[in-house]
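The structure is given below, and queries will be raised subsequently.
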Amino acid sequence: MNKAIDETFMQAALKEAAKAGARFEVPIGAVVVADGRVIGRGHNRKETGLDPTLHAEITAIRSAARKLGAWRLEHTTLYVTLEPCLMCMGAIIQARIPRLVFAAFDPKAGACGSVYDVSDDKRLNHRVKVASRVCEPEAARVLKGFFERLRSERKEKTRKEF
């Protein structure tokens, strides 16, 4: 695929991540693209939605499926700012998304090479072509900044309690 196109759509995913960060959610964003246009958007909403399944990928996949009127998202690409977890990779496989592009690796929960790699598991009925490290420095900076801010706010809160 074209690097410039991947970077353009990753910027759309980063805008979704910013929406999550503004709501004090872990800033992860995702977009589903078909025929050169975004058909589904999502960002983390676990905290505000009180739902552990409201990951950016899941909400983007749901949005795209509604837009297309079908659960099979063949001929699409999912762009996400962090390597998907096992749950999200399961949804990607179930949705038959053929291509995944992500920015930063997740060494604690990633399921595309960090902890697991189910994208090319021959035992499954669908394989996903993966491109990684697209806009990685920017995505990593956003995540690092969020967690630094969170730690700082926790320290400040602890100081005020004493």
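Just so you know, these numbers use all the heavy atoms, side chains as well, and skip hydrogens, waters and symmetry mates.
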(message) Main chain of K46, side chain of E25: is a donor-acceptor contact present, judged purely on distance under 3.5 Å?
(response)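 Yes; at least one donor-acceptor contact below 3.5 Å.
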(request) Supply the atom-to-atom distance E47 CD to R23 CZ, rounded to the nearest 0.5 angstrom. (result)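 The CZ atom of R23 is 11.5 Å from CD of E47, to the nearest 0.5 Å.
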(request) Mind checking the CZ-CZ spacing from R66 to R62? Nearest 0.5 Å is all I need. (result)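 So the CZ of R66 and the CZ of R62 are separated by 8.0 Å.
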(request) Dump the intermediate steps for side-chain contact (heavy atoms from CB on, under 4.5 Å) on K15 and H43, then the final yes or no. (result) CA-CA 9 Å; K15 286 180 183 176; H43 55 273; over 6 Å; no
(message) Going by ring-ring contact (aromatic ring centres under 6.0 Å, His included), name the residues that satisfy it together with F146, two or more places apart in sequence or in a different chain.
(response)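 With sequence neighbours excluded, F146 shows a ring-ring contact (aromatic ring centres under 6.0 Å, His included) to no residue whatsoever.
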(request) State yes or no: do L143 and L54 share one hydrophobic cluster built from I, L, V, M, F, W and Y residues joined by side-chain heavy-atom distances below 4.5 Å, directly or via other members? (result)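 Looking at the clustering, L54 is in a separate group from L143.
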(request) Using side-chain contact (heavy atoms from CB on, under 4.5 Å) as the criterion, list what pairs up with A18, not counting sequence neighbours. (result)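 Once residues adjacent in sequence are excluded, A18 has no partner under the side-chain contact (heavy atoms from CB on, under 4.5 Å) criterion.
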(request) Give, for atom OH of Y79 and atom SG of C135, the distance between the pair rounded to the nearest 0.5 Å. (result)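 If I round to the nearest 0.5 Å, the distance is 10.5 Å.
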(request) List the steps, then state whether side-chain contact (heavy atoms from CB on, under 4.5 Å) holds for V134 with E7. (result) CA-CA 6 Å; V134 174; E7 288 175 353; 4.0 Å; yes
(message) Which residues pass the side-chain contact (heavy atoms from CB on, under 4.5 Å) test with E74, not counting sequence neighbours?
(response)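 Only R72, R96 meet the side-chain contact (heavy atoms from CB on, under 4.5 Å) criterion with E74.
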(request) Could you grab the distance from atom CG of L150 to atom CZ of F24, nearest 0.5 Å is fine? (result)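 That separation rounds to 9.5 Å.
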(message) Can you tell me which residue among V101, I97, V128 is in a side-chain contact (heavy atoms from CB on, under 4.5 Å) with L78?
(response)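 With L78 as partner, V101, I97, V128 yield a single side-chain contact (heavy atoms from CB on, under 4.5 Å), made by I97.
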(message) Between D6 and R133, does any NZ, NE, NH1 or NH2 come within less than 4.0 Å of an OD or OE carboxylate oxygen?
(response)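 Judged by the 4.0 Å cut-off on N to carboxylate O distance, R133 and D6 do not form a salt bridge.
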(message) Would you compute the distance between atom CD of Q11 and atom OG1 of T81 and round it to the nearest 0.5 angstrom?
(response)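 That separation rounds to 11.0 Å.
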(request) With sequence neighbours left out, write down each residue that passes side-chain contact (heavy atoms from CB on, under 4.5 Å) with T8, or none if nothing qualifies. (result)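 T8 satisfies side-chain contact (heavy atoms from CB on, under 4.5 Å) with no residue once adjacent residues are dropped.
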(request) Please say whether more than 12 non-hydrogen atoms of neighbouring residues, nucleotides or ligands are located less than 6.0 Å from NZ in K67. (result)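 Open.
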(message) Side chains of V118 and L124, heavy atoms from C-beta outward: is any pair under 4.5 Å?
(response)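 V118 reaches L124 side chain to side chain.
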Show me the donor-acceptor pairs, under 3.5 Å and distance only, between side chains in residues 82-93 and residues at least two apart or in other chains.
{"unit_1": "E83", "atom_1": "OE1", "unit_2": "D106", "atom_2": "N", "d": "2.8"}
{"unit_1": "E83", "atom_1": "OE1", "unit_2": "S114", "atom_2": "OG", "d": "2.5"}
{"unit_1": "E83", "atom_1": "OE2", "unit_2": "A111", "atom_2": "N", "d": "3.4"}
{"unit_1": "E83", "atom_1": "OE2", "unit_2": "C112", "atom_2": "N", "d": "2.8"}
{"unit_1": "E83", "atom_1": "OE2", "unit_2": "G113", "atom_2": "N", "d": "3.2"}
{"unit_1": "E83", "atom_1": "OE2", "unit_2": "S114", "atom_2": "N", "d": "3.1"}

(message) Are the side chains of K129 and L100 in contact, using a 4.5 Å heavy-atom criterion?
(response)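 No - every pair of side-chain heavy atoms lies 4.5 Å or more apart.
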(message) Determine whether a donor-acceptor pair (N or O, by modelled atom type, separation under 3.5 Å) exists between the side chain of R45 and the backbone of G42.
(response)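 Flag not set: sc R45 to bb G42 has no pair under 3.5 Å.
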(request) Determine whether P98 and T76 make a side-chain contact, defined as any pair of heavy atoms from C-beta on separated by less than 4.5 Å. (result)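 Touching, per the 4.5 Å side-chain cut-off.
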N/O donor-acceptor pairs under 3.5 Å from side chains in residues 26-41, not counting sequence neighbours:
none

(message) Rounded at 0.5 Å granularity, tell me how far NE2 in H75 sits from CG in L68.
(response)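 Nearest 0.5 Å value for the NE2-CG distance: 10.5 Å.
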(request) Kindly check if the number of other-residue, nucleotide or ligand heavy atoms within 6.0 Å of NE2 (H126) is above 12? (result)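 It does: H126 NE2 has more than 12 such atoms within range.
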